[in-house]
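One is the number of the first residue; the rest follow in order along the sequence. All heavy atoms count here, side chains included; hydrogens, waters and symmetry mates do not.
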Amino acid sequence: AHAPRVTLFSETVICYSHGKVEVACGDMTPQHGHDPSTKNPPFNIIADKSQLSPGDEIKVTLSMASSEGKHYFKGFLIEARNAGNLSEKVGSFKLISPGISQLLTCDSKEGSAVSHTDKSQKTEVQVIWVAPSNSPSSVQFLVTVAQGYKEYWVKSPGPVVSQNGVAPPPQTTFGGSIGAQTTTSSTLSRSFTSEGCGSKKSCLRDPDGCDPQNDIACHFLSFRALGSSVMFELSGPAEGYVSFALSQDKWMGKDDVYLCIRDADRVEIKAAYVSGRTHPEYSSQNILKDTAWRLSDGVIQCSFRRDIILPPENLYRFSLDQMYYLFMAHGRAEVGRTHRHDRQPLISTYQTAITGPPEDLTGSRSPLLMKYHGAFMLIAWTSTVSAGVIMARYFKPDWPERNILGQRVWFQLHRMLMVLTVLLTLVGFVLPFMYRGGWSKRAGIHPYLGCVVVALAVIQPVIALFRPAPDASRLVMFFMSDVMTFNISSGGPEVLAVCVIKHCHNQAVCFHDLVVTIFLGIHQQALFLPAPWSTGVLAAIVVWFVLADLVLEVHRRGFLPIGQ
């Protein structure tokens with residue numbers, strides 16, 4: 001029986017500039033989404049001993065060797081593994097330079113790996129590897145080094161050290177592409193077509209019913225089962241990338257993602273995984289087959305085939321024999337790194353079976369909850385509140401004695417409209433939190449102003465409860481405390497700076513805050529309102545309200561005898 005052998009790895013992973021690269025402990029491949037360099041490695045890795053005994057400490061040095069090109073590297077990952085079973089990590093490390101190196105825990109073994117602490121330029125790093133008491137007969141040092149996002153070497157072989165009296169084994173060599181996602185792609189000879197959608201293949205399109213062969217603005221995804229695999233076609237206008245995802249719900253996170261990323265005059269086709277609202281983590285496994293791509297008139301197109309069932313080591317890949325929601329997104333990319341999508345993703349209306357019967361799918365870029373949010377807020381602050389204010393300020397003299405349920409008509413209508421405004425506001429306020437699952441960090445100042453509006457809207461009926469009766473002796477003092485009334489000129493009408501709700505109950509929701517909040521809100525991605533028409537319509541509503549308030553105010557003061 002032969003004693004097992006140990007292999008030691010060293011790798012640079014600058015995708016994680018902080019060096020917490022436990023995600024790469026298994027295949028030791030940087031998740032940069034690019035193929036490793038095929039050039040000769042410009043670095044050396046050496047050990048200060050050629051033989052070892054259990055408990056020995058061996059110093060390993062990684063340094064730049066080539067005088068050509070860059071004279072530095074940025075990150076590293078070092079591991080010790082059994083040469084006879086490369087999935088088994090062996091031994092532990094000690095740090096020599098804690099400022100540029102740190103210990104990691106891989107496979108629940110503390111200190112079984114060392115990585116960088118930042119993306120600073122380095123010319124040399126030294127670490128100590130401690131041989132365990134049950135050390136295998138041989139240890140080989142391997143290194144992967146990255147000098148940039150696209151330029152790195154995977155598992156370059158280093159020196160071999162063996163136990164005393166054991167002949168060193170033949171050195172194991174690993175090619176630069178091992179563990180990387182490498183796919184030889186061909187070029188598509190013609191554009192995709194919507195022909196056969198719903199009969200031969202399933203399609204998701206935006207705009208609905210568009211054909212990518214004739215419409216360069218068409219965002220298009222199709223898929224069909226081919227034996228034990230599924231063929232996907234993806235197309236859309238984009239500066240950097242087009243993508244789609246398989247999701248078990250309508251929320252971004254824990255999704256199986258596929259991207260076609262433009263890199264100069266070619267397209268890279270990648271499988272990835274998103275754990276949340278973060279950059280995709282590219283797969284290190286080569287799971288895509290028959291990949292092809294095309295660039296024309298700013299449109300990115302790609303196609304590939306993927307097996308329906310994948311081996312268990314593909315942890316984040318979904319089986320294609322299940323039902324999923326489909327997401328389609330596009331955006332910018334720089335040096336192969338994708339940025340946040342330019343528009344709200346197109347999400348299929350319902351889950352679909354990827355290997356099921358062909359369907360012509362529909363989707364929306366605006367979630368239903370956000371549509372209700374916008375509708376409730378617009379109804380409340382452009383309709384009910386306007387009518388309630390006008391009712392209180394200008395109809396009070398015309399209906400002085402008419403009563404409903406013991407209260408004057410104008411007051412009952414005013415109170416009903418204002419209560420409805422508050423209820424619509426509260427319901428609309430809750431919906432975005434239900435959709436996002438918390439606070440949105442990408443909505444700008446809109447949610448902050450919205451909170452102010454909601455708080456003031458809730459305060460308004462509370463103030464009304466403390467308002468004395470019209471004939472009470474404390475009424476004068478109550479009105480003297482009204483600090484929320486602002487007039488543009490003495491005795492003049494209140495316009496943009498005037499509170500929308502005032503005088504009657506000392507209401508405190510100001511039109512200025514309201515207008516800013518709504519204008520910011522209509523430009524949120526999740527609402528997906530047509531621009532610039534939505535801005536123009538809202539501006540017209542604001543102008544109408546200001547003019548109506550101006551005319552009625554002038555009439556109330558006797559300068560404009562309407563109807564006389």
Side-chain angles (χ1 to χ4, degrees), residues 2-30 43-63 73-118 122 124-146 154-166 168-169 171-172 174 179 284:
H2 297 284
R5 298 171 181 173
V6 169
T7 305
L8 189 71
F9 297 80
S10 176
E11 173 185 6
T12 298
V13 187
I14 67 165
C15 179
Y16 299 86
S17 58
H18 49 66
K20 298 294 185 180
V21 293
E22 283 88 351
V23 67
C25 283
D27 57 19
M28 302 187 69
T29 301
F43 50 83
N44 289 326
I45 180 170
I46 59 175
D48 66 346
K49 295 181 180 180
S50 60
Q51 292 186 324
L52 67 87
S53 298
D56 278 358
E57 295 186 354
I58 299 177
K59 182 165 68 174
V60 181
T61 302
L62 171 65
S63 61
F73 57 92
K74 291 188 175 181
F76 56 92
L77 173 67
I78 303 175
E79 296 182 7
R81 298 191 182 185
N82 190 324
N85 180 12
L86 295 181
S87 63
E88 178 188 353
K89 296 175 178 60
V90 179
S92 61
F93 288 90
K94 293 182 180 180
L95 300 180
I96 294 179
S97 303
I100 60 174
S101 58
Q102 61 183 325
L103 297 176
L104 298 180
T105 300
C106 294
D107 293 347
S108 302
K109 295 182 178 180
E110 186 176 354
S112 58
V114 181
S115 72
H116 54 284
T117 58
D118 56 42
K122 308 168 185 66
E124 181 181 276
V125 62
Q126 293 182 328
V127 297
I128 298 295
W129 180 73
V130 182
S133 58
N134 57 345
S135 177
S137 60
S138 297
V139 174
Q140 183 178 17
F141 296 94
L142 304 182
V143 61
T144 299
V145 171
V154 178
K155 296 182 180 178
S156 297
V160 175
V161 293
S162 303
Q163 290 197 37
N164 294 323
V166 177
Q171 185 166 308
T172 303
F174 295 85
S284 60

Are any non-hydrogen side-chain atoms of V114 and L103 less than 4.5 angstrom apart? yes
More than 12 heavy atoms from other groups under 6.0 Å of CD on E110: no
Do F73 and V125 make a side-chain contact, defined as non-hydrogen atoms from C-beta onward lying under 4.5 Å apart? yes
Closest non-hydrogen atoms of E124 and I100, given as atom of the first, atom of the second and distance, are O-CD1, 3.9 Å
Over all heavy atoms of both residues, which pair between T105 and G111 is shortest? Give the atoms and the distance, please. OG1-N, 4.2 Å
For D48, give me all partners under salt bridge (Lys or Arg N to Asp or Glu O under 4.0 Å), at least two apart in sequence or on another chain. none
What distance separates I128 CD1 from D56 CG, expressed to the nearest 0.5 Å? 11.5 Å
If you take all heavy atoms of L52 and S135, which pair is closest and at what distance? CD1-OG, 3.5 Å
Testing the basics here: between P132 and G91, what is the closest heavy-atom pair and its distance to 0.1 Å? CD-CA, 3.8 Å
Within this structure, what is the NZ-OG distance for the pair K94 and S101, rounded to the nearest 0.5 Å? 14.0 Å
Spacing of Q102 atom CD and D118 atom CG [to the nearest 0.5 Å]: 9.0 Å
Do we see a donor-acceptor contact under 3.5 Å between the side chains of Q126 and T61? yes
Please evaluate residues I45 and F76 with respect to the criterion side-chain contact (heavy atoms from CB on, under 4.5 Å), reporting the C-alpha separation (whole Å), side-chain torsions for both, the decisive distance (0.1 Å), and the verdict. CA-CA 12 Å; I45 180 170; F76 56 92; over 6 Å; no
Let me see the working for D107 and S112 under side-chain contact (heavy atoms from CB on, under 4.5 Å), right down to the final yes or no. CA-CA 8 Å; D107 293 347; S112 58; over 6 Å; no
Exercise: identify the closest heavy-atom pair between K122 and K74: NZ-O, 2.5 Å
Are any side-chain N or O atoms of K89 and backbone N or O atoms of C106, one a donor and one an acceptor, separated by less than 3.5 Å? no
Looking only at heavy atoms, what is the nearest atom pair of A80 and W129, with distance? CB-NE1, 2.8 Å
